[in-house]
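Structure first, then comments.
Predicted model, so just to flag it, every value in this text is computed and none were measured. Letters A, B, ... are given to chains in the order of the sequence lines, protein chains preceding strands, and every chain is numbered from 1.
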Amino acid sequence: MHLVSHPDEVKVVSKRFGKGATDLDRYLALDGYKAVQKALGMQPDGIINEVKNSGLRGRGGAGFNTGLKWSFVPKQSAKPKYILCNGDESEPGTCKDRLIFEHDPHAVIEGVVIAGLAVGSHTGYIYIRGEYRYLSNLMQKAIKDAYARGLLGKNIFGSGYDFDVYWHGGAGAYEVGEESALMESLEGKRGIPRIRPPFPAVVGLWGGPTVINNAETLASVPHIILGGAEWYSNLGTPKNGGTRLFCLSGHLNRPGVYELPMGYNLKKMIYEVGGGIPNRKKLKAVVPGGSSTPVLTADEIDAPMDFDSLMKAGSMLGSGGVVVLDETTCIVKFALRTMKFYRHESCGWCIPCREGTDWLEKTLIRLHAGGGLKKDIDNILYLSENMLGRTFCPLGDAAAMPTIAFVKKFRKEFEDHLEARPCAFEAAGSVERLPVMA
Amino acid sequence: MADVNITVDGKKVTAPAGTLLIEACKSVGIEVPSFCYYPNLSLQGACRMCLVKVEKMPKLQTACTTVISEGMIAITNNDEVRQARKSMVELLLGNHPLDCPVCDAGGECELQDMTFSYGAAESKFMEAKNHKDEQQWSPVVYFDRPRCILCYRCVRVCGEAMDVWALGVQNRGVVSVIAPNKEDHLECEECGMCIDICPVGALTSGAYRYKTRPWEMNHVGTICTHCGDGCKTTLGVRRSDSGMQIVRGDNRDKSGINGDFLCIKGRYAFDFADDPQRVTTPLIRRDGQLAPSTWEEAFELIGKRFAEIRDKEGGRAIGVVGSNRTTNEENYLLSKFARVVLKTNSIDHRRTADFPAFAAAMVGKPHAAATMRDVFNAPAILVIGNNPTEQHPLLAWQIRNNVRLHRARLYVINSRPIKLRRQATSFTEIPQGTEGQAAAFLGGDDSAAEALGSGSREMWVGLRDKLRGEGKLIIIFDSAIRGKDISALVKFGSAVSGAKFVCLGDYSNSRGAADMGLYPDFLPGYRPIADASTFKDEWGDMPTAPGLNVSQMAEAAAAGTLKGFYVVGSNPVGGLGLDPFAFSNTFVVVQDMFLTETAQMADVVLPSANAYEKAGTFTNTCGDIQLVKKAGEVSDVKSDFEMIVRIADATGFEVRKLVPFGGRGTSADMGQSRGAQSGEADRHVVWLEAHGLEPKMSPFDPMAILDEIQRLVPGYDVSRMNLLAGNDQHTTTVGTGQGGVQDAKLIAPANDNLFTSGTLGRYSRALNSVIENRNPEPAEEVAAD
Amino acid sequence: MRFSDEFEGRFSEMLSHYPTKRSVLVPTLLYAQDEVGYLSDEVIAELATRLDLTELEVRNVISYYSMLTTKARGKYNVQVCTNISCMLRGAEEIFEHCKKRLGVGPHGTTPDNLFSLEEVECIGACSWAPAVQVNYDFHENLTVDKMDQLFDECKKEGTQLRNL
């Protein structure tokens with residue numbers, strides 16, 4: 001289910017998609033658990049270096065070098081060390097971890113075990129968001145199967161190394177995707193981020209050193225161990241190793257999740273892989289990496305999709321959610337829907353995020369409804385800029401950055417809303433209603 | 001820890017490693033604003049007010065979570081920082097109701113101050129504010145949700161510091177809200193700490209809300225009159241029809257031994273003072289009924305009768321009962337008055353601990369009595385018996401937070417699973433009433449272990465060895481341990497290097513009453529009657545045989561040999577169960593605020609001022625002496641001090657011999673000659689007073705007696721200057737070692753809990769409303785003192 | 001109180017997965033809600049006792065997570081995603097249609113207690129938008145017609161179950 005393909009795809013993480021790999025025998029037949037066996041023969045530093053050299057960067061959105069992250073875990077620790085797989089996928093525009101869990105759950109388990117071997121941990125948790133109940137069931141079965149075969153638990157593969165993997169479920173909270181909030185949630189608390197430092201690699205779950213990686217990141221690891229750092233690295237661009245799952249959504253003829261090399265051109269991604277804009281409409285804008293990333297205008301899309309290039313273009317690669325907006329889209333409304341999300345998901349801990357998202361949403365509602373004043377546009381910028389970099393966790397930035405980009409890049413649309421109601425887009429017949437507040 | 005050097009705004013700052021940047025700034029007078037940061041509570045980083053620029057960091061950093069490191073350069077006041085603060089205030093004000101004109105916190109609100117400092121005068125928002133109605137969470141706690149800025153101070157002080165955990169945070173995002181533990185109301189210790197710590201007016205006091213504005217009150221820092229711990233409470237007073245009314249109690253002045261702490265009694269239970277049942281005119285029994293009289297008539301009658309009885313029957317025919325809630329000066333004066341004016345040693349009070357035995361055990365160890373502050377810093381504490389959470393809330397606070405913040409080891413030996421066991425390293429349960437045996441066992445009497453219940457002998461030996469291994473242990477016990485068990489315990493403790501002790505008495509000046517010699521067999525300072533030489537020189541002639549204790553007085557009255565009975569601020573009929581009919585042929589004088597069971601049988605009742613309405617000193621259960629200041633005032637009542645002096649005068653006694661007023665200070669320079677600068681004269685008076693040189697031109701000036709106390713009572717020679725400045729001073733416990741062991745049966749602990757306080761509690765609306773709210777059935781009558 | 005054997009089995013197994021009891025709280029709350037329909041006072045008290053927490057702590061956690069509720073819902077909880085990817089492909093039309101068809105607003109429940117309606121944030125179906133979750137089941141690439149079919153099926157199933 002859910003599968004599409006394109007000739008430009010380079011299938012690494014997705015190579016077992018649609019091949020029945022949820023079944024353990026099938027998975028084993030498709031090179032499953034070979035990477036763990038190989039890793040068991042490697043030194044921990046060797047594993048870390050391999051991953052570091054592969055150029056694998058966190059697929060959750062921050063893009064930090066995975067091997068480097070692992071290397072921060074102290075070798076000696078009085079408290080147990082933990083591996084925590086972040087499967088709380090909630091970034092609007094992103095639906096890739098869901099596919100991994102659905103089609104290749106054992107790859108995630110394998111990645112968790114390898115991460116454990118690399119840092120000397122014996123316990124891993126796979127946190128899956130509460131909405132993905134069917135995937136939780138799938139994952140629980142996969143773990144059970146692996147235990148039954150001796151691939152998990154005591155003395156895995158007869159190596160003398162013990163490793164336990166457990167499933168854990170969320171219950172609806174975007175903020176829990178932030179790694180320290182994820183730990184709080186796993187410990188049975190409200191998903192409020194922790195003060196850092198100390199970082200999780202030193203003081204994490206129950207005070208023990210903890211590696212937290214996105215599900216796609218961990219699912220990539222077995223392939224790196226088997227294929228080698230150089231092979232993986234060469235799939236992408238320098239410093240941006242490998243491939244990644246891009247979730248194409250919005251106004252496209254062929255939306256879907258495609259695995260493409262890092263650095264793949266965004267314009268090509270939209271027009272060739274995604275099949276272009278339906279009904280011969282023109283492209284207006286692209287949100288390149290999930291709702292938290294600043295929007296790119298149609299003129300800015302001729303860019304390679306990797307962490308550094310997008311940073312240079314004034315946006316971010318983020319979580320790989322490419323949302324395409326055609327010319328009929330009202331940017332003010334889009335900005336409003338985005339802000340409504342952040343207002344709903346703000347954990348409320350710190351002032352700028354809690355109050356800022358609320359005021360931005362309220363102001364955008366009024367502006368969009370035709371009740372805006374000229375100073376509102378500057379106020380939106382003022383508020384966003386004063387949230388930026390000052391919140392307790394990155395959620396505030398995630399709300400502020402796209403908003404600043406919407407206003408700066410499409411200021412005229414905001415100004416047009418001051419004059420007319422209904423706005424030009426509604427007048428042109430595009431479906432438009434004020435969002436209903438939950 | 002090693003020191004670290006940093007630079008803040010160009011200033012060099014040196015502070016111990018591990019110091020937070022916000023504290024390092026404070027140490028050199030640079031204020032970094034914050035709402036959520038609060039010393040000794042967990043760090044939040046939530047309000048973002050303390051964002052500062054730290055060199056080499058791309059983003060502004062919260063000074064409250066940044067630990068200083070060598071060479072750190074911080075800037076706390078550039079444009080970027082100021083703008084960040086301003087925007088936080090703007091964001092807060094977006095939803096904050098601007099009802100400052102009617103808000104209890106108006107004028108003492110941190111959000112107002114920040115708005116003033118960082119200038120967010122212009123409103124950028126047009127939308128309606130989120131409104132929610134005010135909620136009453138308990139008789140004394142109200143919550144006004146829109147005013148809340150979510151700094152989480154209340155949640156932390158309730159949980160971390162009080163170990164009550166009655167407040168939480170619910171929902172998320174902009175609808176996040178502080179929530180009480182019972183959905184729509186609180187079930188807690190009602191300490192009101194959440195209200196004091198609230199930086200805005202979100203949590204308000206049921207006793208104070210909408211009563212007045214802060215600037216319309218005078219604020220008097222005095223000592224709480226309820227339990228024996230000696231918390232400082234700041235009373236807000238306002239002029240009323242009948243004097244000065246106390247409208248608020250809180251703890252904004254953190255200089256007391258209680259630091260941040262105050263319990264329900266210190267905060268709300270000042271309201272007994274304006275109870276309508278208060279006696280406000282002298283009463284004389286006429287035709288079997290108590291009827292109003294003039295003060296002159298009352299004093300004349302009392303003076304005449306006491307003098308007659310003394311002269312005809314001898315002083316032994318008069319008994320005197322003093323109070324646990326009167327000042328040291330009053331207690332000392334009463335002790336002196338009884339012996340010198342009435343010529344009787346029959347003076348006693350409701351004893352709530354065996355202080356004479358404690359003093360005797362402390363002979364030769366003048367510094368072995370722990371202060372209340374010591375309890376917060378000791379590395380190890382042993383508590384035998386008592387339930388400090390209920391009976392000594394400040395002591396419990398000190399212990400709890402010492403464990404939390406300094407990782408002190410707490411050993412609890414108790415017959416009940418008291419709340420402090422949660423902090424305890426070791427909790428040992430013993431059968432009820434065997435605290436004395438536990439003390440004896442620790443003191444080396446191995447046979448005592450048999451009484452101590454199921455715990456094996458090895459366990460007890462192990463515990464004793466462990467305690468012996470603790471350096472600087474503080475041993476805390478109450479009236480359950482008496483007489484020789486106290487000396488056994490002190491002997492045991494003294495074997496531990498640097499051990500200190502706390503003997504717990506129950507009322508606000510129980511310790512002072514004992515120290516000032518409200519005993520038939522001891523003079524002030526536990527000096528036996530037989531050894532009265534020091535006092536005789538100053539006091540003149542007094543009887544030499546020990547007098548009667550309270551129960552003996554009742555017996556004597558029943559037998560017809562006690563003809564006069566003078567009760568000052570005590571209720572022996574209600575509290576100690578004396579038979580009122582025994583006194584039917586005795587002339588009974590009672591000084592009290594209310595018509596207690598004892599006052600009801602009196603021939604003369606004199607309306608007295610309470611401890612919030614007079615000046616003097618109190619000694620808490622640890623021996624910390626503190627200044628009591630006059631806050632409230634009710635017309636037509638007098639201090640016990642004045643009444644004692646007036647009665648002495650009415651007997652024909654030369655008052656100057658009782659209260660050494662006047663004398664060398666009468667012609668003192670009042671400072672007028674030193675120039676006309678404002679305050680000069682006031683400062684000069686303080687200087688004079690501190691050096692014992694103030695004029696004391698009135699016989700009703702307790703300071704004149706304080707001079708004598710400081711001169712004659714061992715251990716009370718503390719710094720006068722510090723005392724007057726409002727600081728606690730520790731008296732050294734100096735017994736003479738000669739006092740015989742008291743009749744331990746005479747000790748009657750108060751057994752008050754968090755919501756009762758003897759007679760005062762009976763007349764406190766705040767306490768009663770909380771009791772009724774918790775327990776729909778009428779609360780059990782509590783024995784009054 | 002006692003939950004189903006399946007719940008109890010999972011609960012005791014999960015307890016063994018963590019060094020602290022309360023770690024099981026979030027997933028356990030969701031499973032308890034699935035059984036009882038919502039997190040009743042009784043459920044809250046029971047879980048608080050089992051996990052050595054105060055009821056306040058349990059409520060604090062419940063109120064944080066958007067899937068957890070202390071109020072009863074209909075048998076089919078229709079959760080319409082209107083977040084950006086779905087919005088671009090007509091989610092609002094779907095949502096409006098749901099409101100009209102069910103005759104309830106957001107967080108409303110139909111009088112027959114069959115359906116509840118919720119507008120939800122991104123459910124991870126962006127590439128197959130617009131999407132709706134009915135309880136835990138995903139329904140993707142929706143149109144108004146497909147939505148109607150879905151309602152009909154639910155209604156049929158729900159009525160059959162009721163008549164059993």
Side-chain angles (χ1 to χ4, degrees), chain A residues 2 4 80 89-95 97-98 125 129-134 136 164 166 168-174 176 185-192 206 247-251 255-257 287 291 321 323-326 329 333-334 337-338 341 344-345 347 431-433 435-438, chain C residues 10 14 16-31 33-34 51 53 57 60-68 79 81-90 92-93 95-96 99 105-107 118-129 131 133 135-138 140:
Chain A
H2 291 133
V4 285
E89 175 170 75
S90 313
E91 174 84 6
T94 315
C95 47
D97 296 341
R98 190 177 151 198
Y125 294 96
R129 69 182 295 197
E131 290 85 345
Y132 292 175
R133 170 57 62 83
Y134 77 108
S136 295
D164 286 309
Y166 304 116
H168 192 92
Y174 168 73
V176 165
S185 179
L186 193 129
E187 290 182 15
K189 302 173 193 160
R190 293 162 58 81
I192 307 290
W206 305 289
C247 319
L248 272 51
S249 71
H251 295 139
V257 179
V287 175
S291 64
V323 186
V324 178
L325 287 65
D326 75 14
T329 314
K333 183 175 167 182
F334 194 83
R337 187 61 189 81
T338 304
F341 169 72
H344 185 259
E345 299 298 336
C347 78
V431 180
E432 178 172 354
R433 270 173 214 96
V436 179
M437 296 309 125
Chain C
R10 186 187 283 111
M14 282 189 77
S16 70
H17 294 175
Y18 309 91
T20 63
K21 272 194 195 176
R22 82 173 286 168
S23 294
V24 306
L25 182 59
V26 176
T28 299
L29 283 168
L30 198 52
Y31 280 113
Q33 175 171 300
D34 291 346
L51 301 178
L53 298 170
E57 283 172 292
N60 294 347
V61 169
I62 290 170
S63 61
Y64 178 89
Y65 293 93
S66 55
M67 291 175 75
L68 302 176
Q79 302 149 77
C81 172
T82 61
N83 210 310
I84 48 175
S85 298
C86 285
M87 178 181 89
L88 292 175
R89 297 182 77 93
E92 288 173 333
E93 202 181 348
F95 189 52
E96 287 304 314
K99 283 198 275 187
H107 289 287
E118 243 185 279
E119 182 185 12
V120 296
E121 297 299 348
C122 183
I123 53 175
C126 318
S127 293
W128 313 289
Q133 254 192 304
N135 299 338
Y136 290 109
D137 297 330
F138 281 86
E140 294 159 339

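Heavy-atom distances place no part of A:Val287 under 4.5 Å from chain C, backbone and side chain included. Looking at C:Ala129, neither its backbone nor its side chain comes within 4.5 Å of chain A, counting heavy atoms on both sides. Looking at A:Tyr174, neither its backbone nor its side chain comes within 4.5 Å of chain C, counting heavy atoms on both sides. Using a 4.5 Å cut-off between heavy atoms, A:Val257 contacts chain C through both its backbone and its side chain. For A:Leu186, the parts lying near chain C are the backbone and the side chain together; criterion is any non-hydrogen pair under 4.5 Å. Contact of A:Phe334 with chain C is made through backbone and side chain together, with heavy-atom distances under 4.5 Å.
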Worked check of side-chain contact (heavy atoms from CB on, under 4.5 Å) between A:Glu187 and C:Tyr18: CA-CA 9 Å; A:Glu187 290 182 15; C:Tyr18 309 91; over 6 Å; no
Step-by-step side-chain contact (heavy atoms from CB on, under 4.5 Å) determination, C:Thr82 to A:Phe341: CA-CA 10 Å; C:Thr82 61; A:Phe341 169 72; over 6 Å; no
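Under the salt bridge (Lys or Arg N to Asp or Glu O under 4.0 Å) criterion, C:Asp137 pairs with no residue, sequence neighbours left out. Among residues two or more places apart in sequence or in another chain, the side-chain hydrogen bond (donor to acceptor under 3.5 Å, both in side chains) test is passed with A:Thr94 by A:Ser319.
In this structure, CD1 on A:Ile192 lies 10.0 Å from CG on C:Asn60, to the nearest 0.5 angstrom. One finds the OG atom of C:Ser85 at 10.5 Å from the CZ atom of A:Arg337 (value rounded to the nearest 0.5 Å). From A:Trp206, atom CH2 reaches atom OG1 of C:Thr20 across 6.0 Å, with rounding to the nearest 0.5 Å. The OH atom of A:Tyr125 sits 7.0 Å away from atom OG of C:Ser23, with the distance rounded to the nearest 0.5 Å. One finds the CG atom of C:Leu30 at 5.0 Å from the CZ atom of A:Arg133 (value rounded to the nearest 0.5 Å). With rounding to the nearest 0.5 Å, the separation of SG in A:Cys347 from OH in C:Tyr64 is 5.0 Å.
Chain C forms the most heavy-atom pairs under 4.5 Å with one residue out of A:Lys189, A:Glu89, A:Glu345, A:His168, and that residue is A:His168. When each of A:Ser90, A:Gly321, A:Ser249 is scored by its heavy-atom pairs under 4.5 Å with chain C, the top score falls to A:Ser249. Of all the listed residues (C:Leu25, C:Ile123, C:Leu88), the one sharing the greatest number of non-hydrogen pairs under 4.5 Å with chain A is C:Leu88.
For C:Leu68 against A:Ala171, the heavy-atom pair with the smallest separation is CG-CB, 3.9 Å. The minimum heavy-atom distance linking A:His344 with C:Ser66 is given by the pair CE1-CB, 4.2 Å. Heavy-atom minimum distance, A:Gly93 versus C:Cys122: N-SG, 4.0 Å. Counting all heavy atoms, side chain and backbone alike, C:Cys126 lies closest to A:Pro92 at SG-C, 4.5 Å. Across C:Ser63 and A:Arg190, no two heavy atoms sit closer than the pair OG-NH1, 3.8 Å.
Taking 4.5 Å as the limit, some side-chain heavy atom of C:Tyr65 sits within range of a side-chain heavy atom of A:Val176. For the pair C:Tyr136 and A:Glu131, the minimum side-chain heavy-atom distance is 4.5 Å or more.
Ionic pairing of C:Glu92 and A:Lys333 is present here: one or more N-O contacts between side-chain nitrogen and carboxylate oxygen are shorter than 4.0 angstrom.
Within the cation-pi definition used here (under 6.0 Å to the ring centroid, within 45° of the axis), A:Arg98 qualifies as a partner of C:Phe138.
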